[in-house]
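See structure below.
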Amino acid sequence: MRGDPLELMQGDPRDRSRWLAHRTGLDETAIWEWGVVERLCTGLHCANINMQTLGQETLDAAELVATRPDG
């Protein structure tokens, strides 16, 4: 779920969680929700360790997926 944030924002953000759910047999919604939290944590961590570009891209992706009507 932590893959390239720019790639995530270009396509359907739920593609990755659907794929993982299919591969693992786990709940897609739980995977999706974990991914939102993981992106937020990763974005903040990157910003904290002077990786501002990746941090901001990751936070932008977290905001996008957290505010989607189907998210």
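Computed over heavy atoms, backbone and side chain alike; hydrogens, waters and symmetry mates excluded.
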To the nearest 0.5 Å, what is the distance between CH2 on Trp34 and CG on Leu20?
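It is 8.5 Å, given to the nearest 0.5 Å.
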Reported CG-to-OG distance for the pair Asp27 and Ser17, which is rounded to 0.5 angstrom:
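The CG atom of Asp27 sits 10.0 Å away from the OG atom of Ser17.
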Apply the test salt bridge (Lys or Arg N to Asp or Glu O under 4.0 Å) to residues Arg14 and Glu28: give CA-CA distance (whole Å), side-chain angles for both, the deciding distance (0.1 Å), then the verdict.
CA-CA 9 Å; Arg14 286 196 91 124; Glu28 190 266 336; 3.0 Å; yes
Those residues that, when tested against Asp15, pass side-chain hydrogen bond (donor to acceptor under 3.5 Å, both in side chains) (two or more places apart)
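Result, side-chain hydrogen bond (donor to acceptor under 3.5 Å, both in side chains) vs Asp15: Arg18.
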Result of checking Arg39, Glu38, His45 against Thr42 for side-chain hydrogen bond (donor to acceptor under 3.5 Å, both in side chains):
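Running side-chain hydrogen bond (donor to acceptor under 3.5 Å, both in side chains) over Arg39, Glu38, His45 with Thr42 returns exactly one hit, Glu38.
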Can any side-chain N or O of Arg23 pair as donor or acceptor with the backbone N or O of Trp19 at less than 3.5 Å?
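No: the side chain of Arg23 does not pair with the backbone of Trp19.
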Identify each donor-acceptor pair in which a side-chain atom of residues 50-60 lies under 3.5 Å from a protein atom, sequence neighbours left out, and give them as a table.
{"residue": "Gln52", "atom": "NE2", "partner": "Ala47", "partner atom": "O", "Å": "3.0"}
{"residue": "Gln56", "atom": "NE2", "partner": "Asp60", "partner atom": "OD1", "Å": "2.8"}
{"residue": "Thr58", "atom": "OG1", "partner": "Leu54", "partner atom": "O", "Å": "2.8"}

